Visitor: 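Questions regarding the structure given below will be posed in turn.
Every value quoted in this text rests on a predicted model; they were computed, and no experiment measured them.
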Amino acid sequence: LGARSLFGMFIGIDSKNPTSYAVYASHAGTALPDKSYYERDSERLATLRAAYIDYMEAVFTRLGNEDAEVTDARAKAEAVFALEKAVASNHWSRAERRNADRTYNPMTMDELSAYAPGFPWAAAVAAYGVGGVDGAGQIILREKEAFPGMAALFAETSVDVWKDYLTFHMVAANAQFLSDDIAGERFGFFGTVLRGQKEQRSREDRAINYVNDALDQAVGEIYIERFFPAESKRLVGEMFENIRAELGERIDNLTWMSPETKVAARTKLSKINAKVAYPEKWRDYSGLEVTRDSLMANVVAFGEFDHAQDLARLGKPVDKLEWFTGPQTVNAFYSPSRNEAFIPAGYIQSPLFDPNADPALNYGALGSIIGHEIGHGFDDQGSKYDGDGVLQAWWSETDRAAFNVLGDGFAAQFAQYEPLEGLHVNGRQTLGENIGDLAGMIVAYHAWERSLGGAEAPVLDGFTGPQRFFLGRSQGRRYKRTEESLRQRLLSAPHSPMYLRVNGMARNMDEFYQAFDVKEGDQMWIAPEDRVRIW
């Protein structure tokens with residue numbers, strides 16, 4: 001039904017046994033992007049929290065009071081917000097939640113009930129549909145230490161407050177599928193106040209977005225047939241292999257990694273599965289029934305259909321052909337448990353890629369993204385998974401310590417950036433993505449040089465090949481964002497602001513200094529001894 005709950009359960013690949021699926025549980029229960037939105041002391045966030053309570057009050061006012069004994073809409077809103085704030089106080093920070101070692105905590109149901117008493121775990125698991133959990137009789141907790149406090153909070157909070165909490169979130173989660181007034185109220189807070197959007201997308205655009213989200217591979221199959229040139233898949237496949245080969249050579253030449261770990265890293269690199277453009281096997285939607293009579297009925301039907309497909313995974317081997325997104329998705333991904341890099345067709349188009357464009361631009365734009373995704377397999381968390389996707393230590397302690405020193409320096413460097421007055425980049429929270437960006441740009445640059453086969457890149461429109469590589473990266477990462485949206489990302493997102501995903505990386509690359517003759521005193525200058533060199 002889309003409503004929030006105190007804990008979130010999901011079916012995912014077992015990080016210790018990546019050929020099988022497992023049941024996971026995570027802390028949940030809050031609507032604002034991050035715990036800092038409930039706790040951080042600032043005038044702007046205080047205003048935002050007040051607006052959130054106002055939105056809750058509007059929802060409760062719209063619903064009305066059938067029972068004269070029930071408290072008024074404002075009191076309900078304040079009680080629900082107080083509950084969410086108490087939930088958030090138990091949450092881990094985003095940086096803590098990135099730690100793959102800390103977020104794998106298997107327990108039996110008896111162990112969980114004893115560890116976090118007060119919450120009806122058996123009833124919750126049964127309602128979710130997994131009965132005795134999985135074949136091993138266990139559930140894997142992510143933010144383990146948060147569970148006892150949240151379970152106690154559940155027990156001590158009145159049923160009436162929980163009813164109001166669930167009622168509000170039921171309406172808020174489904175507002176876009178209801179009347180224009182209800183959808184508009186939701187947008188007024190989550191769109192305008194939270195993200196700074198000035199107006200809601202048209203009803204037609206929202207309808208297209210919903211169909212694209214719910215039926216992503218059905219839409220994607222049509223998209224590929226009509227709009228995606230087959231040659232692009234072949235060219236990007238070649239680019240992927242050039243980047244893989246370049247990273248392999250760079251691993252061989254690392255000074256901080258031991259020979260034994262290099263062998264294992266090479267093995268992992270060779271096993272990375274490149275999923276480029278579109279899936280070999282499309283998702284089957286034949287079990288989904290759609291009606292013309294009710295949009296909300298279709299929303300619920302899809303939720304049930306999607307959930308049933310998740311449950312059906314338990315007890316079966318992981319399907320290596322499966323894609324978890326549609327090919328028209330304008331994004332790219334790396335899955336550590338699968339050891340797979342996904343480069344959907346939605347990314348294989350201008351301004352990131354053009355089969356007729358100069359290769360330097362293509363490598364700078366899309367190539368650096370491919371390098372980024374491959375690089376995730378060797379970042380501070382992805383490197384904890386081996387070539388078969390098993391979460392286990394395969395680096396020596398000395399290698400890990402040397403890598404962490406480099407990562408510490410990179411985190412400290414990015415923590416100095418202040419995109420908004422008084423609000424710096426969280427170097428720890430963004431470390432994995434920053435390492436991926438730096439690796440992606442360096443590896444893609446030298447993979448582009450490799451693709452030249454020894455020939456010299458021509459000068460085009462007055463720009464050298466190296467300059468065009470960096471311009472390609474810049475063009476591919478252009479972005480327009482409101483101040484409110486940027487603030488949200490700084491507080492809660494794993495990526496740095498987009499301009500730093502270009503400039504923050506280029507400043508650490510000797511190749512950039514050579515391409516544009518950057519000198520000490522220039523704005524982009526960093527002293528050579530302070531440049532971070534990981535790959």
Visitor: Could you walk me through whether Tyr104 and Leu141 pass the side chain to side chain contact (heavy atoms under 4.5 Å, CB included) test, one step at a time?
Guide: CA-CA 6 Å; Tyr104 187 90; Leu141 309 191; over 6 Å; no
Visitor: How would you list, by chain and number, every residue that makes a side-chain contact (heavy atoms from CB on, under 4.5 Å) with Leu361, sequence neighbours excluded?
Guide: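 By the side-chain contact (heavy atoms from CB on, under 4.5 Å) rule, Leu361 matches Asp358, Arg468, Gln475.
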Visitor: Pair up each side-chain donor or acceptor in residues 363-376 with any protein partner under 3.5 Å, not counting sequence neighbours, and list the distances.
Guide:
unit_1: Tyr363; atom_1: OH; unit_2: Asn242; atom_2: ND2; d: 2.9
unit_1: Ser368; atom_1: OG; unit_2: Gly364; atom_2: O; d: 2.7
unit_1: Ser368; atom_1: OG; unit_2: Ala365; atom_2: O; d: 3.0
unit_1: Ser368; atom_1: OG; unit_2: Arg473; atom_2: NH1; d: 2.9
unit_1: His372; atom_1: ND1; unit_2: Asp437; atom_2: N; d: 3.2
unit_1: His372; atom_1: ND1; unit_2: Asp437; atom_2: OD1; d: 2.8
unit_1: His372; atom_1: NE2; unit_2: His376; atom_2: NE2; d: 2.8
unit_1: His372; atom_1: NE2; unit_2: Glu433; atom_2: OE1; d: 2.9
unit_1: Glu373; atom_1: OE1; unit_2: Tyr334; atom_2: N; d: 3.2
unit_1: His376; atom_1: ND1; unit_2: Asp379; atom_2: OD2; d: 2.7
unit_1: His376; atom_1: NE2; unit_2: Glu433; atom_2: OE1; d: 3.1
unit_1: His376; atom_1: NE2; unit_2: Glu433; atom_2: OE2; d: 3.4

Visitor: In terms of heavy-atom contacts, does CD of Gln523 have more than 12 from other residues, nucleotides or ligands at under 6.0 Å?
Guide: no
Visitor: Side-chain contact test, heavy atoms from C-beta onward, threshold under 4.5 Å: evaluate it for Leu321 versus Trp282 and give yes or no.
Guide: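 In short, these two side chains do not touch, never coming nearer than 4.5 Å.
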Visitor: Check step by step if side chain to side chain donor-acceptor pair (under 3.5 Å) holds for Gln328 and Asn212.
Guide: CA-CA 9 Å; Gln328 71 277 26; Asn212 187 54; 2.6 Å; yes
Visitor: Given side chains that start at C-beta, do those of Tyr385 and Lys268 come closer than 4.5 Å, heavy atoms only?
Guide: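 In short, these two side chains touch, coming nearer than 4.5 Å.
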Visitor: Using the ring-ring contact (aromatic ring centres under 6.0 Å, His included) criterion, which residues pair with Phe342? Sequence neighbours excluded.
Guide: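 Partners of Phe342 by the ring-ring contact (aromatic ring centres under 6.0 Å, His included) criterion, ordered by chain and then number, come out as Trp323, Phe324.
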Visitor: State whether Tyr278 and Lys233 meet the cation-pi test: NZ (Lys) or CZ (Arg) under 6.0 Å from the six-membered ring centroid, and within 45° of the perpendicular axis.
Guide: yes
Visitor: Give the intermediate values and the outcome of side chain to side chain contact (heavy atoms under 4.5 Å, CB included) for residues Asn426 and Leu490.
Guide: CA-CA 7 Å; Asn426 185 325; Leu490 287 169; over 6 Å; no
Visitor: Only counting residues at least two apart or in another chain, list the ones meeting ring-ring contact (aromatic ring centres under 6.0 Å, His included) with Phe228.
Guide: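 Partners of Phe228 under the ring-ring contact (aromatic ring centres under 6.0 Å, His included) test: none.
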Visitor: Should the pair Tyr417 and Phe414 be assigned to parallel (<30°), tilted (30 to 60°) or perpendicular (>60°) ring geometry?
Guide: perpendicular
Visitor: Considering only distance and modelled atom types, tabulate donor-acceptor pairs under 3.5 Å from the side chains of residues 438-446, sequence neighbours left out.
Guide:
unit_1: His446; atom_1: ND1; unit_2: Glu449; atom_2: OE1; d: 3.1
unit_1: His446; atom_1: NE2; unit_2: Glu511; atom_2: OE2; d: 2.7

Visitor: Within a strict 4.5 Å, meaning less than it, do heavy atoms of the Met257 and Ile251 side chains meet?
Guide: yes
Visitor: Just to verify, what does Ser36 make a side-chain contact (heavy atoms from CB on, under 4.5 Å) with, not counting sequence neighbours?
Guide: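 side-chain contact (heavy atoms from CB on, under 4.5 Å) check on Ser36 returns Asp34, Arg40, Leu491.
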Visitor: Answer with yes or no whether the side chains of Tyr37 and Gln488 bring together a donor and an acceptor at under 3.5 Å.
Guide: no
Visitor: Establish, yes or no, whether the cationic atom of Arg533 lies under 6.0 Å from the six-membered ring centre of Phe410 and within 45° of the ring axis.
Guide: no
Visitor: For Met150 and His27, run side chain to side chain contact (heavy atoms under 4.5 Å, CB included): C-alpha distance rounded to whole Å, both residues' side-chain angles, the deciding distance at 0.1 Å, then the answer.
Guide: CA-CA 8 Å; Met150 292 179 69; His27 68 43; 3.4 Å; yes
Visitor: Check this for me: does any side-chain nitrogen of one of Lys275 and Glu322 sit under 4.0 Å from a carboxylate oxygen of the other?
Guide: no
Visitor: With a 4.0 Å cut-off on N to O distance, would you call Asp408 and Arg428 a salt bridge?
Guide: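 The answer is yes: the pair qualifies as a salt bridge.
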Visitor: Is Lys271 paired with Asp386 through a side-chain N to carboxylate O contact shorter than 4.0 Å?
Guide: no
Visitor: Before giving the answer on side chain to side chain contact (heavy atoms under 4.5 Å, CB included), spell out for Gln413 and Asn508 the whole-Å C-alpha distance, their side-chain angles and the decisive distance to 0.1 Å.
Guide: CA-CA 10 Å; Gln413 183 187 108; Asn508 288 285; 2.8 Å; yes
Visitor: With a 4.5 Å limit on heavy-atom distance, are the side chains of Val130 and Ile11 in contact?
Guide: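 A side-chain contact under 4.5 Å exists here.
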Visitor: Holding to side-chain contact (heavy atoms from CB on, under 4.5 Å), I want the full list of residues that pass it with Asp517, two or more places apart in sequence or in another chain.
Guide: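 Result, side-chain contact (heavy atoms from CB on, under 4.5 Å) vs Asp517: Lys519.
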Visitor: Is the shortest side-chain N to carboxylate O distance from Arg400 to Glu397 below 4.0 Å?
Guide: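 A salt bridge is absent here (no side-chain N lies under 4.0 Å from a carboxylate O).
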Visitor: Between Arg44 and Glu483, is there a salt bridge with N-O shorter than 4.0 Å?
Guide: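 A salt bridge links Glu483 with Arg44.
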Visitor: Give a yes or no on whether Phe463 atom CZ has more than 12 heavy-atom contacts from other residues, nucleotides or ligands under 6.0 Å away.
Guide: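 No.
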Visitor: Between Lys384 and Asn99, is any side-chain donor less than 3.5 angstrom from a side-chain acceptor?
Guide: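 Yes, a side-chain donor-acceptor pair sits under 3.5 Å.
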Visitor: More than 12 heavy atoms of other residues, nucleotides or ligands under 6.0 Å from CD of Glu529: yes or no?
Guide: yes
Visitor: Roughly how far, to the nearest 0.5 Å, is the OH atom of Tyr52 from the CG atom of Leu32?
Guide: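 Answer for the CG-OH pair, Leu32 versus Tyr52, is 5.5 Å.
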Visitor: Counting C-beta onward and ignoring hydrogens, is there a side-chain heavy-atom pair between Met107 and Gln138 closer than 4.5 Å?
Guide: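 Met107 vs Gln138: side chains apart.
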Visitor: With a 3.5 Å cut-off and no angle check, do the side chains of Thr261 and Ser258 form a donor-acceptor pair?
Guide: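 Looking only at side-chain atoms, Ser258 and Thr261 do form a donor-acceptor pair, the distance falling under 3.5 Å.
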Visitor: Given side chains that start at C-beta, do those of Val318 and Ser20 come closer than 4.5 Å, heavy atoms only?
Guide: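 When only atoms from C-beta onward are counted, Ser20 and Val318 do not touch, as no gap falls below 4.5 Å.
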Visitor: Listed by chain and number, what are the side chain to side chain donor-acceptor pair (under 3.5 Å) partners of Gln309, not counting sequence neighbours?
Guide: Arg283
Visitor: What verdict does the side chain to side chain donor-acceptor pair (under 3.5 Å) test give for Ser485 and Thr482, after you've listed the backbone C-alpha separation in whole Å, the side-chain angles of each residue and the deciding distance to 0.1 Å?
Guide: CA-CA 5 Å; Ser485 177; Thr482 63; 4.5 Å; no
Visitor: Counting only heavy atoms not in Arg102 (residues, nucleotides, ligands), do more than 12 fall under 6.0 Å from its CZ?
Guide: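 It does: Arg102 CZ has more than 12 such atoms within range.
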Visitor: Would you indicate whether Asp461, at its atom CG, is surrounded by more than 12 heavy atoms from other residues, nucleotides or ligands within a distance under 6.0 Å?
Guide: no
Visitor: Given side chains that start at C-beta, do those of Thr430 and Pro494 come closer than 4.5 Å, heavy atoms only?
Guide: no
Visitor: Partners of Phe403 by ring-ring contact (aromatic ring centres under 6.0 Å, His included), sequence neighbours excluded?
Guide: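 With sequence neighbours excluded, Phe403 shows a ring-ring contact (aromatic ring centres under 6.0 Å, His included) to Trp256, Trp395, given in chain and number order.
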Visitor: Apply side chain to side chain donor-acceptor pair (under 3.5 Å) to Ser396 and list each qualifying residue two or more places apart in sequence or on a separate chain.
Guide: Asp399
Visitor: Can you tell me how far apart CE (Met239) and CD (Glu241) are? Round to the nearest 0.5 Å.
Guide: 12.0 Å
Visitor: Which residues pass the ring-ring contact (aromatic ring centres under 6.0 Å, His included) test with Phe240, not counting sequence neighbours?
Guide: none
Visitor: Is Arg507 close to Val518 at the side-chain level, that is, under 4.5 Å between some pair of heavy atoms?
Guide: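 Counting from C-beta outward, Val518 and Arg507 never come under 4.5 Å.
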Visitor: One thing to verify: whether Asp510 and Arg531 come together as a salt bridge, which I'm taking to mean a side-chain N less than 4.0 angstrom from a carboxylate O.
Guide: yes
Visitor: Quick one: do Glu231 and Arg234 make a salt bridge, cutoff under 4.0 Å?
Guide: yes
Visitor: For atom CD of Glu280, decide whether the heavy atoms of other residues, nucleotides or ligands shown that lie under 6.0 angstrom number more than 12.
Guide: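 Not buried by this count: 12 neighbours or fewer within 6.0 Å.
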Visitor: Not counting sequence neighbours, which residues clear side-chain contact (heavy atoms from CB on, under 4.5 Å) with Arg142? List them please.
Guide: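 Arg142 satisfies side-chain contact (heavy atoms from CB on, under 4.5 Å) with Phe10, Tyr24, Ser26, Thr103 once adjacent residues are dropped.
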